[in-house]
Number of protein chains: 2
Amino acid sequence: MTAPDNASLYRSIADELKAAIRAGVYAPGARLPSESELADQYDASRGTIRQAFAALVADGVISSRRGARRTVLGGPRLQSFADLVSFSRWARSVGEEPSGRVARLEHRAATLVEAEQLALAEGANVYHLTRVRMLDGRPVMIERTAYPEPVGELVVGIDPSGSITERLEELGLIFADAEHTIDAVPATAEDARLLAVRSRAPLLRERRRTTDPSGVPLEWSEDRYLGQEVAFTVRNSVNRNALSRWHSGPEVS
Amino acid sequence: MTAPDNASLYRSIADELKAAIRAGVYAPGARLPSESELADQYDASRGTIRQAFAALVADGVISSRRGARRTVLGGPRLQSFADLVSFSRWARSVGEEPSGRVARLEHRAATLVEAEQLALAEGANVYHLTRVRMLDGRPVMIERTAYPEPVGELVVGIDPSGSITERLEELGLIFADAEHTIDAVPATAEDARLLAVRSRAPLLRERRRTTDPSGVPLEWSEDRYLGQEVAFTVRNSVNRNALSRWHSGPEVS
DNA sequence: TACATCTTCTTGTACAGCCAAGTTCAGCTC
DNA sequence: GAGCTGAACTTGGCTGTACAAGAAGATGTA
């Protein structure tokens, strides 16, 4: 489990601090060493230590205020971006066995929403994959993912019972940024059948667009989770807020 | 609407850049000026410009990679932390008229969850307020908030039809950090009555703990939104992830 | 035209130093 | 003991420098 030295000093320091926090060396509420102490300890400059701390703040692990020692925030263990993009990786990281069953795979013209989210011209084709995802054999999520053609052509060659995302990464794709929209919807007839729940049961819906480092969309997915079994957690603060709330008005349907 | 000069150079630069992005000077996908250009323009050092950009990255407004100019990310307009903590402020920022109706106000012993979330000793008292929140007169959310005693004593003196949070801020409280847990639940009988929906209708549940700058909990709230009308959006990336996903296992109830 | 190479530009990482502002704590006073 | 004062400590903000690594565009070649 030895963390890689991530090619930069401040990252390896940040990783060590994170590991120490996870291991309980610094409990929630505890005060961390000062910048100068760590600078001595790692033989680094104060600026480098500050970069390491900034990374921890960005992950919502610690809080920092002028004049006072930094303190550890409590709450759930943090997850990496990679764990959010791949259902399989996430499942393993929380100690469960992921699996998947393909419900449908289509190669067709993009819908309006898909074209917009994937930044495609009107009428462009997409690969659209519907899968039921399971934890320890029990269905917990329906995944409806649209891939633009260049990505989709890779996807069709991948075993869909495992992790498509991880395979795409091995093929050289880099998932770098994502935008998630989360709301609650009633299960449709198909949802109910696939997840083995009542029709109109509450589902947690996550719509997600993932892009590569240069901003090119790689996938647009609408995932529906069993409402009470899966939850998302976000941390934010005055200085650091990637969360927003939206009102769409009453639905017509 | 002239932004305050936030007392530090990098903040005012960040604010100007944000305003320019919002105003469309830099459209989504467009490339921003380089660090050296801005350093000349603002007569600041490169480090200060980098701090300003770091703030934009933290807000999920731009993306940044070594070697390439920074680019503007598309997507929804960003909101401030303040808009998330206060329903009233949020409503006004999205152009709707907020209101509230008190359903219940209690002063009682904390439940186990409340005591844990507010870091109170077992048996300590809390003030617990249940309100129905409305947009343009239509109910969209039920707010069930527990305040620790020092805060609650202020709350009872505040007109509950308006914004309690904003009033608390005027009284000197500082809401600095928050942790949000989002899932979907079926409406209980009480929920259904208060929101005028069917029982077991899907609701989006947000559980939120807000703390002051030193980490002292100020409130613990369980808010339930009409499922299809309100959504939360989160942006994250490989370097910056405050979002995580959790599995709680099948519910017994 | 298509491709490879090279130069230039831009951002990332790290160092050093300075002052300001806020916190903490010991010590003093009442 | 309670409260105030002030020194020491700690983080925030800013400047400057240097080099490395990646991206982008220009140039040259086949």
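Within every chain, numbering begins at 1; the chains are lettered A, B, ... in the order of the sequence lines, protein sequences first and strands thereafter.
Which of D:dT15, C:dA14, D:dG12 sits closest to the side chain of A:Ser64 comes down to D:dG12.
Between B:Arg65 atom CZ and C:dT13 atom P the separation is 15 Å, expressed in whole Å. In this structure, CG of A:Asp43 is placed 13 Å from P of C:dA14, rounded to the nearest angstrom. If you measure from atom CG of B:Leu38 to atom C1' of C:dC9, you get 15 Å, rounded to the nearest angstrom. Across the protein-nucleic acid pair, B:Tyr42 atom OH and D:dC14 atom C1' stand 17 Å apart, rounded to whole Å. Following rounding to the nearest Å, B:Gln51 (CD) and D:dC14 (C1') show an atom-to-atom distance of 7 Å. Going from atom CG of B:Leu9 over to atom P of D:dT15 covers 6 Å, rounded to whole Å. A:Ile13 has its CD1 atom 12 Å from the C1' atom of C:dT13, to the nearest Å.
Heavy atoms of B:Arg70 sit under 4.0 angstrom from primed sugar atoms or phosphate atoms, though from no base atom. Within the 4.0 angstrom heavy-atom criterion, only backbone atoms of the sugar-phosphate kind lie near B:Tyr10; the bases stay farther away.
Between the side chain of A:Asn241 and the backbone N or O of A:Leu243, at least one donor-acceptor pair lies under 3.5 Å.
With hydrogens and angles ignored, no donor-acceptor pair under 3.5 angstrom links the side chain of B:Arg11 to the base of D:dG12.
Distances shown here put every side-chain N or O of B:Arg66 at or beyond 4.0 Å from the OP1 or OP2 atom of D:dA20.
Under a cut-off of 6.0 angstrom, the local environment of CG in B:Asp43 is sparse, with at most 12 non-hydrogen atoms contributed by other residues, nucleotides or ligands.
For B:Glu219, the side-chain hydrogen bond (donor to acceptor under 3.5 Å, both in side chains) criterion is met by B:Arg208, B:Thr210, not counting sequence neighbours.
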